[in-house]
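Contents: one structure, followed by commentary.
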Amino acid sequence: MLRTLRALLLVAGISAASAFVGAAAAAILGEGQAAPILGHIAPWSWYLSGPQHRIYVGRLGRSSDLTLGTNGLTDGSDWQGKQITLSGTDGNFEFEHYSSARKSVITGAITRGGVPVATPVAVGAADGQDVVPLVVAASTTGTHAVQTWDSGSSVVAAVEGDGGIVVGGIELVARVGADGRVEVDAVLGNGARQTLLVGKPA
Amino acid sequence: MQDMKTTKHRWLTIICCTAVAGVSGAAGALAAGHSGWVWFEGDSVASVGHPSGTEDLVLSAQGAVNFRAGHIRLMSNSGRFVFEHGSSSQNATLLAYFLGTPHRTPIQIGWSDGQDVTPLVVAGTKGQKRDLQEWTVSGLPVAAIDGQGRLRLGGITIYPVLRGGRVVLVARLPDGSTQILAPAGT
């Protein structure tokens, strides 16, 4: 009985030890054939990276920021989970990019047969909460549109800062005239204004 | 013969005990760092780790969390990407900048990659009363698509209705009154 117990303990011990050593080795090899670097490396308060320092996470100096990054210009950073939740106390979520890009691009996609297939980006959800799902905010009425719709080769529609909507290159603006009647004007590219519609008592 | 067996069993026992002790020690060392975490790196100011009892990866910072890469790809099995924020803010705000500068740039939804999809869907809820989308300048709405899908320009809501088989364009003013829109000069 005692021998059997000892034998079982032996097998369990060796299995566990092997698993542990195997997992550790796999982890180390997975990091690039060397152990990851962890420690207090100036100017970092703490720092964790692969041996090539290409991919890292840490806290820089006395800052209260957590920084995750890749050093290569083409190195990507993938985040995967059932759901991605970004929590920011101030509500600001920033997408910074190099000046060689003119804008930040957000796209949706699924992978089908290893090929990314584009899907719509949906803002908001039918969850029973009556909120404004999307606000596009501009700071001043400048020369830039508040929002544009681009067909892929050109802008086909826009909302301007004065609240007009541009379709077919012509801006439609609604206003209440001095006589209390609604006027819908068309503003042409040269600034000329034509009154299209006038309100009459319903 | 009996001595050989006894010696063998002693060695086996020693190896077994050593292995168990080693494994236990390693597990203990892993768990000792931060209770409540499967693994944890960082400090009380900024950290990354896997909380016990969850399947979550949690990155946390008292300041900002900065992601820096040649390309950022967020992959969610459910397709849900949630932007949570403190209650002091009334909405989640998405902003784009040139790297490391206050120079702001547009945010583009979709990409001209030859795939014919609707790039942006703005989804309300059943019985939606609030606007589906607003365009604001200096915080004030200048245009909107209201909860019924009607276009509002400068405070005037314009929508078509069918009367006697003919389409009539109706304008609803901010005071709630309505006018029929007719071609100018008629």
Side-chain angles (χ1 to χ4, degrees), chain A residues 9-10 13 16-17 48 59 64-67 69-70 73-80 82-89 91-96 99 103-107 118 120-124 126 128 130 132-138 146 152 159 161 163 174 182 195 197-200 202, chain B residues 12 16 19-20 23 41 45-46 61-66 68-71 73-78 80-82 84-86 89 93 95-99 105-109 111-112 115 117-118 121-123 125 129-131 133-137 142-143 153-154 156 171 178-181 184:
Chain A
L9 280 171
L10 176 66
L48 175 65
R59 180 160 76 91
S64 55
D65 296 352
L66 176 69
T67 298
T70 62
L73 290 177
T74 57
D75 290 339
S77 178
D78 296 351
W79 301 88
Q80 186 164 18
K82 285 182 185 171
Q83 173 175 299
I84 305 289
T85 300
L86 303 176
S87 304
T89 308
N92 283 348
F93 299 88
E94 300 180 4
F95 300 83
E96 293 190 1
S99 56
K103 58 208 166 193
S104 282
V105 178
I106 299 173
T107 57
V121 171
V123 176
D130 187 11
V132 181
L134 178 62
V135 176
V136 181
V146 181
V159 170
V182 172
T195 300
L197 302 167
V198 177
K200 296 177 179 176
Chain B
L12 286 174
C16 178
V20 170
V23 172
E41 296 295 351
V45 178
Q62 289 179 6
V65 177
N66 301 315
R68 177 75 186 268
H71 182 81
R73 182 180 294 117
L74 302 178
M75 297 184 284
S76 165
N77 295 353
S78 65
R80 291 181 69 86
F81 300 86
V82 179
E84 288 187 357
H85 56 81
S89 172
T93 302
L95 299 165
Y97 294 91
F98 284 139
L99 264 172
T105 58
I107 289 178
Q108 176 174 311
I109 308 288
W111 185 247
S112 177
Q115 299 189 59
V117 296
T118 303
V121 174
V122 180
T125 197
K129 288 188 172 61
R130 294 183 189 272
D131 292 337
Q133 183 170 351
E134 291 178 351
W135 293 270
T136 70
V137 173
V142 295
L153 302 176
I156 298 168
T178 58
Q179 297 178 13
I180 303 294
L181 291 175

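The figures here come from the full heavy-atom set of this structure, side chains too, leaving out hydrogens, waters and symmetry mates.
Heavy atoms only, all atoms of each residue included: B:V122 and A:P133 are closest at CG1-CB, 3.8 Å. The two atoms that bring A:G91 and B:S89 nearest to each other are CA-OG, 4.1 Å, heavy atoms only. The two residues A:R59 and B:A46 come nearest to each other via the heavy atoms CD-CB, 3.5 Å.
The ring pair (Phe, Tyr, Trp, His ring centres under 6.0 Å) search around A:W79 returns B:F67, not counting sequence neighbours. Remark: A:K82 pairs with B:E55 by the salt bridge (charged side-chain N to carboxylate O under 4.0 Å, His left out) rule, at least two apart or across chains.
Separation of atoms CD1 (A:I84) and CE (B:M75) is listed at 8.0 Å; rounding is to 0.5 Å. In this structure, CD on A:E94 lies 10.0 Å from OG1 on B:T93, to the nearest 0.5 angstrom. Between the OG1 atom of A:T67 and the CZ atom of B:R68 there is a distance of 10.0 Å, given to the nearest 0.5 Å. Rounding to the nearest 0.5 Å gives a distance of 4.5 Å between CG of A:D78 and CZ of B:R73. Here CG of B:L95 is found 10.0 Å from CD of A:E96. Values are rounded to the nearest 0.5 Å.
By number of non-hydrogen pairs under 4.5 angstrom with chain A, the leading residue of B:A143, B:G86, B:S78, B:A64 is B:A64. Of all the listed residues (A:N92, A:V146, A:V135, A:V132), the one sharing the greatest number of non-hydrogen pairs under 4.5 Å with chain B is A:V132. The greatest number of non-hydrogen atom pairs below 4.5 Å with chain A, out of B:Q62, B:E41, B:Q108, is found for B:Q108. Ranked by non-hydrogen atom pairs under 4.5 Å with chain A, the options B:P106, B:S112, B:G154 are led by B:P106. For the set B:T105, B:V142, B:V121, B:T178, the entry with the most heavy-atom pairs within less than 4.5 Å of chain A is B:V121. In terms of non-hydrogen atom pairs under 4.5 Å with chain B, the most contact-rich of A:A137, A:A118, A:A174 is A:A118. Of the residues considered (A:T195, A:T89, A:V105), A:V105 shows the highest number of contacts with chain B, using heavy-atom pairs under 4.5 Å. Between chain B and the options A:G128, A:S77, A:G69, the largest number of non-hydrogen pairs under 4.5 Å is found for A:S77. For the options A:S87, A:G124, A:G152, heavy-atom pairs under 4.5 Å to chain B are most numerous at A:S87.
With a 4.5 Å cut-off on non-hydrogen atoms, B:A171 touches chain A through its side chain but not through its backbone. In this structure, the portions of B:Q133 lying under 4.5 Å from any heavy atom of chain A include both its backbone and its side chain. With a threshold of 4.5 angstrom between heavy atoms, A:V159 approaches chain B through side-chain atoms but not through N, CA, C or O.
Side-chain contact between B:N77 and A:Q80: present, with at least one pair of heavy atoms (C-beta onward) separated by less than 4.5 Å.
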